[in-house]
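Each remark here refers to the structure printed beneath this line.
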Amino acid sequence: MDRFRIVGPSTLRGTVRASGAKNAALPALAATLLTDEPVLLQRVPRVRDITTLRRLLAHLGQGSSEEAGDRLRFAPEGNASPGDAPYELVKTMRASVLVLGPLLARRGHARVSLPGGCAIGVRPIDQHLAGLEALGARVALDHGYVDVAAPRLTGTRFRFATVTVTGTENLLMAAVLARGTTVLENCAREPEVSDLARLLVAMGARIEGIGSSTLVVEGVAGLHGAEHAVIADRIEAGTYLVGAALTGGDVTVADLAPGDLGALLEALAATGSEVGAEEGGVRVRRSGELLPCDLATAPFPGFPTDLQAQFMALMTQAAGDSTIRETIFENRFQHAAELGRMGAEIRLEGAVAHVRGPRPLSGTTVMATDLRASASLVLAALVAEGVTQVERIYHLDRGYERMEEKLRTLGATVERLGDDEKSPGGSAPGGGGIR
Ligand code: EPU
């Protein structure tokens, strides 16, 4: 298993371009199941979750190929399975559940393995299923699979009991081909949901209220092919911008809609960082003292849970006490203990993390069990004294495109090591870093 070897401390300076958003590309890939015509998607990030979903789509009879530029072309090919997403393909990625809506709408039937336990909490899909049932589907659970069927879905009014990103996306993809009008209330307003809605409109869907919490969908008989550019990855971008504030650096992430990062930019400004627009993106720099800050995660436009771990790494260096409340997932503080092993002082109290800064961090071997927690450890390593080895980089590879290259562009000393490569000067777990 690959790992990163990071030598700190370093200061991030320079410009990187944001990749396409993983969490916008995933539903876009699933949406290609809604038509027999080719769909061309641009700015799809080369990350492992995309490879996983392409494999699942291929199993479902939807082929994909790389075209000139960074375009991916999706079109049906032979040997389709009858709408069956098996455990082996679903277990590694919860977002596989996104094929439920389009398969049901298009083929009248889907059978998808229930996503298993997850490192960041229980994460049920009850709202996806309640919504599909409201659209007229028969939903059955057996042998670890969810089986949904309906000859044709019928428009309805459905209110999500919880704001759910992939739940909103699944129902939107189901509703576009339903008979009549569907009104979805209490929808997630994340930019990734709006990006999917724009792709669906480009494919011929009729959707109103894009960007709001109520989506009104006028069902159509069929969708056609389209070409669509995926939005920039606000979480990837936010990770590098937090890195700028953390290291007292100066980073521009180009080609990014600043409005998608509003809550993060406000929080960074509150920490004493300078935030501005530059190169069609965002520039963050800090030269003065890093100030503490209290924040809580919330659905968009609130502070994203996917940046909570990275922000916690930042607060370990702030001059004073910060609190971070996680309101979306019940088990998303695994990075806290690993940050503690690097020298951070973090006390967990239910859904609240109390971070006492500033504490000097020192390099050691660390490991995280989810994507964003791993990113927070990489950021911490940038300000830690000596060598940090971040193990199980496959978590990062799920969602960050060429992270080590981008960090090197910004001046960090990062290398990727494979299984057989001994790290000169690496340290054993708990053994402390090189001073
Ligand atoms: N929830 C329910 N019932 C449901 C669905 C969700 O109770 O039917 C609960 C969840 O347990 C959670 C909350 O609602 O407590 C929000 O979950 P949501 O459904 O919004 O999460 P998701 O759609 O599974 C997406 C992203 C996550 C991101 C969350 C929250 C994708 C592919 N994944 O997950 O991204 O953290 O929204 O913004 O879009 C990541 O990229 O690292 C990542 C985990």
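All residue numbers refer to positions in the sequence shown, counting from 1.
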Determine whether [X] and [Y] make a side-chain contact, defined as any pair of heavy atoms from C-beta on separated by less than 4.5 Å.
X: Thr166; Y: His128; value: yes
X: Val390; Y: Thr388; value: yes
X: Met312; Y: Phe333; value: yes
X: Val253; Y: Leu261; value: no
X: Glu345; Y: Val355; value: no
X: Leu417; Y: Asp2; value: no
X: Arg13; Y: Val251; value: no
X: Met173; Y: Leu196; value: yes

Please report the C-alpha distance between Lys406 and Glu236 in whole Å, then the side-chain angles of each, then the deciding distance to 0.1 Å, and finally whether the salt bridge (Lys or Arg N to Asp or Glu O under 4.0 Å) criterion is met.
CA-CA 11 Å; Lys406 289 191 179 184; Glu236 182 212 27; 2.7 Å; yes
Taking all non-hydrogen atoms of both residues, which atom of [X] and which atom of [Y] are closest, and how far apart?
X: Val230; Y: Asp195; result: CA-OD2, 3.6 Å
X: Ala188; Y: Val193; result: O-CG1, 3.8 Å
X: Val90; Y: Ala85; result: CG2-O, 3.7 Å
X: Ser376; Y: Ala313; result: O-CB, 3.6 Å
X: Ala18; Y: Arg43; result: O-NH2, 2.7 Å
X: Gly209; Y: Leu215; result: O-CD2, 3.4 Å

Under 3.5 Å, is there a donor-acceptor pair linking the side chains of [X] and [Y]?
X: Thr365; Y: Gln389; result: no
X: Gln310; Y: His335; result: no
X: Tyr400; Y: Arg372; result: yes
X: Glu326; Y: Thr297; result: yes
X: Thr305; Y: Arg332; result: yes
X: Thr214; Y: Ser212; result: no
X: Thr323; Y: Asp294; result: yes
X: Gln334; Y: Thr369; result: yes
X: Arg54; Y: Ser64; result: yes
X: Glu77; Y: Gln62; result: no
X: His354; Y: Glu349; result: yes

What do the steps show when you test Arg198 against Ile231 for side-chain contact (heavy atoms from CB on, under 4.5 Å), and what is the final call?
CA-CA 11 Å; Arg198 283 189 295 267; Ile231 55 169; 3.8 Å; yes
Donor-acceptor pair, [X] side chain versus [Y] backbone, under 3.5 Å?
X: Arg286; Y: Gly249; value: no
X: Thr239; Y: Ile235; value: yes
X: Tyr145; Y: Ala140; value: no
X: Thr247; Y: Leu12; value: yes

Start with the C-alpha gap between Leu379 and Leu377, add the side-chain angles, then the distance that decides, and say whether side-chain contact (heavy atoms from CB on, under 4.5 Å) holds.
CA-CA 5 Å; Leu379 290 183; Leu377 299 178; over 6 Å; no
Less than 6.0 angstrom from the centroid, inside 45 degrees of the normal: does Arg189 satisfy that with respect to the ring of Phe300?
no
So which of Arg46, Arg73, Arg71 actually passes salt bridge (Lys or Arg N to Asp or Glu O under 4.0 Å) with Glu66?
Arg46
Should Thr413 and Ile6 be marked as a side-chain contact (heavy atoms from CB on, under 4.5 Å) after you check the CA-CA gap, both sets of side-chain angles, and the distance that decides it?
CA-CA 6 Å; Thr413 308; Ile6 302 172; over 6 Å; no
With a 4.0 Å cut-off, would you call Arg283 and Glu274 a salt bridge?
no
Check ion pair Asp397-Arg48 (N to O, under 4.0 angstrom):
no
For a salt bridge (Lys or Arg N to Asp or Glu O under 4.0 Å) check, start with the C-alpha distance between Glu338 and Arg341, then their side-chain angles and the critical distance, and finish with the verdict.
CA-CA 5 Å; Glu338 291 299 277; Arg341 292 182 55 249; 3.1 Å; yes
With rounding to the nearest 0.5 Å, note down the distance linking [atom1] in [X] to [atom2] in [Y].
X: Arg392; Y: Ser374; atom1: CZ; atom2: OG; result: 10.0 Å
X: Ile125; Y: Thr164; atom1: CD1; atom2: OG1; result: 10.0 Å
X: Leu241; Y: Leu246; atom1: CG; atom2: CG; result: 12.5 Å
X: Leu295; Y: Leu264; atom1: CG; atom2: CG; result: 9.0 Å
X: Thr51; Y: Arg398; atom1: OG1; atom2: CZ; result: 11.5 Å
X: Arg325; Y: Ile328; atom1: CZ; atom2: CD1; result: 12.5 Å

Answer yes or no: does atom [atom1] of [X] have more than 12 heavy-atom neighbours from other residues, nucleotides or ligands under 6.0 Å?
X: Arg402; atom1: CZ; answer: yes
X: Arg416; atom1: CZ; answer: yes
X: Glu208; atom1: CD; answer: no

In sequence, state the C-alpha distance, the side-chain angles, and the governing distance for Asp49 and Lys22, and then conclude on salt bridge (Lys or Arg N to Asp or Glu O under 4.0 Å).
CA-CA 8 Å; Asp49 275 6; Lys22 165 184 82 84; 3.7 Å; yes
Sorted by chain and residue number, the ring-ring contact (aromatic ring centres under 6.0 Å, His included) partners of Phe158 (sequence neighbours excluded) come out as Phe160
Partners of Phe303 by ring-ring contact (aromatic ring centres under 6.0 Å, His included), sequence neighbours excluded?
Phe311
Run the side-chain contact (heavy atoms from CB on, under 4.5 Å) check on Thr271 and Met315 step by step: do they pass?
CA-CA 9 Å; Thr271 67; Met315 289 299 91; 3.7 Å; yes
For Asp142 and Arg111, what are the C-alpha separation, side-chain angles and deciding distance, and is it a salt bridge (Lys or Arg N to Asp or Glu O under 4.0 Å)?
CA-CA 10 Å; Asp142 66 85; Arg111 186 174 158 79; 3.4 Å; yes
Could you go through residues 95-102 and list every donor-acceptor pair under 3.5 Å that involves a side-chain atom there, pairing it with any protein atom two or more places apart or in another chain?
from, atom 1, to, atom 2, distance (Å)
Ser96, OG, Met93, O, 2.6

